[in-house]
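Here is how names work: the chains are called A, B, and so on, in the same order as the sequence lines, proteins then strands, and each is numbered from 1.
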2 protein chains.
Amino acid sequence: MNHDSSLVNRLTDRLIAGELRPGERLSETALAKEFDVSRNTLREAFRVLGEQGLVTHIPHRGVSVASPSTADVVDIYRVRHHVECSVLEHAPRNHPNAVRMEAAVEAAERFAAEENWLEVGTANMAFHNAVVSLSDSRRLMQSFSNVLAELRLAFLKVEVLDFLHAPFISRNKEVIEVYRTEGSAAAAKILGAYLGDSERQVLGAYARAGQD
Amino acid sequence: MNHDSSLVNRLTDRLIAGELRPGERLSETALAKEFDVSRNTLREAFRVLGEQGLVTHIPHRGVSVASPSTADVVDIYRVRHHVECSVLEHAPRNHPNAVRMEAAVEAAERFAAEENWLEVGTANMAFHNAVVSLSDSRRLMQSFSNVLAELRLAFLKVEVLDFLHAPFISRNKEVIEVYRTEGSAAAAKILGAYLGDSERQVLGAYARAGQD
DNA sequence: CTAGCACTCATTGTTCAACAAACATAGACG
DNA sequence: CGTCTATGTTTGTTGAACAATGAGTGCTAG
């Protein structure tokens, strides 16, 4: 995805894989040693991750893996509503990137069959990134991708990947189907409802987990 | 605006003030000396500015002030359409932050009277940031703010601040007026047309300036 | 016993000097 | 005229060092 600084990639990989858990403190010296880089280069990587929202930086207290609060989840879903729905609503009828959406759904189904929920989640992210790619806007895709990555940390925080992802594969398919047959506006409505339900599920999981 | 790392602020101030011109190469040693910081800290600041799109970083070739191409301008206006229109369309009837929009317009009028076009541009940015603030989403505001800052670099690049900003003050007022009287949906339509015209103006200026 | 306080220790913030690696420039050469 | 090489400059990265801040500890006084 990012073809720049390999260090940022290595860190994001660990983050979205859940190997660095939300809220976990990231010691500079420890991580520098682990990734075999100097503290200074690690700090540069921290700054970009911080700007992407994957990591929280508090001056003189170091950085931790972002640990989205319920307020953050609500905020993230606000972004999703505005961006995803608006893009889908105004998408041209047969946008080439629709195949990306289909590919993502197929991948999700494959991984769901294997009960590999982490990869199902990745495929789900790919689906929604594909939706936003219908905008043909690099910046929109970039910003949105960051927000989705942050949302994944929210999923990891409450540790119920299966329950959160499984029911939504079929709804992804429905979005594609409606987009193909009835057009953008109808599909955007479906997607909006989808997102509302998804948000409720996540917030419910937060409440059950007793998280803030 | 940003109350974190003072260095990033100092740099962004110089950038949006046009003192560091679009495309200008930013030498690490030179800038480090000028801002009286070490190369390493400057590089950390470069990473966040790079992530914000204000600065372009090419490995082994250093960073330059972002110099948006016409493709970038088109991309930026795509973001603006999706974000601003969607937010305004779904904004509640009497959102408290509407006063921010009005304050921005008044500031723009004051500065226009003084023919201080740089500050008119700043006030215009404040207006559109205020529009997005109707979403009550921190992330949407943050991302959007970055995109607007990048657009200002586009204005600075073609050096026609007055021509680009002056005609749009009244249209800002119109957006507020329609939002107050006819509601969100109507205002969003007006704003959409506004943005379309604005985009054409900027692209026209690019063409006249013979820029890519 | 507990609240407050000084002290200690660990971590981050920042700088500096050094070197490797990539790039840009200029001059030599065919 | 174009290409290649040599040289110099800039970035990428490191390690060590020190200052500044925060966190934890144990002491003291009430």
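Atoms CZ (B:Arg43) and P (C:dG13) sit 18 Å apart, rounded to a whole Å. The nearest whole Å value for the distance from the CZ atom in B:Arg39 to the C1' atom in C:dG13 is 18 Å. As a whole-Å value, the separation of A:Glu44 CD from C:dT15 P is 14 Å. One atom, CG of B:Asn40, and another, P of D:dT11, lie 13 Å apart when rounded to the nearest Å. Straight-line distance from the CG atom of B:Asp36 to the P atom of C:dT14: 12 Å, rounded to whole Å. Taking atom NZ of B:Lys33 as the reference point, atom C1' of C:dC16 lies 14 Å away to the nearest angstrom. We find that CG of B:Leu42 is positioned 13 Å from C1' of C:dT15, with the value rounded to whole Å.
Residues in residues 30-86 of chain A take part in these ring-ring contact (aromatic ring centres under 6.0 Å, His included) pairs, two or more places apart or across chains: A:His82-B:His90. Listed by first then second residue, pairs satisfying ring-ring contact (aromatic ring centres under 6.0 Å, His included) with a partner in residues 103-148 of chain B read B:His128-B:Tyr194, not counting sequence neighbours.
No side-chain donor-acceptor contact under 3.5 Å links B:Tyr206 to the backbone of B:Gln201. At distances below 3.5 Å, at least one donor-acceptor pair connects side-chain atoms of B:Lys157 with backbone N or O atoms of B:Pro68. Not a single donor-acceptor pair under 3.5 Å links the side chain of B:Arg25 to the backbone N or O of B:Gly62.
Taking a 4.0 Å limit (strictly below) on heavy-atom distances, residues 58-68 of chain A reaches DNA chain D at A:His60, A:Arg61. A heavy atom lying under 4.0 Å from DNA chain D marks the following residues of residues 19-29 of chain B, by number: B:Arg25, B:Leu26, B:Ser27, B:Glu28.
At a cut-off of 3.5 Å, with distance as the only test, no side-chain donor of B:Ser143 or A:Arg139 sits close to an acceptor on the other residue.
You'll find that the side chain of A:Arg47 is closest to C:dG13, out of C:dG13, D:dT11, C:dC16.
The salt bridge (charged side-chain N to carboxylate O under 4.0 Å, His left out) check on B:Arg138 picks up A:Asp72, with sequence neighbours excluded. With sequence neighbours excluded, the residues that form a ring-ring contact (aromatic ring centres under 6.0 Å, His included) with A:Phe155 are A:His165.
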side-chain contact (heavy atoms from CB on, under 4.5 Å), that's the test. Do B:Leu156 and B:Leu15 meet it? Break it down for me. CA-CA 10 Å; B:Leu156 291 169; B:Leu15 285 168; over 6 Å; no
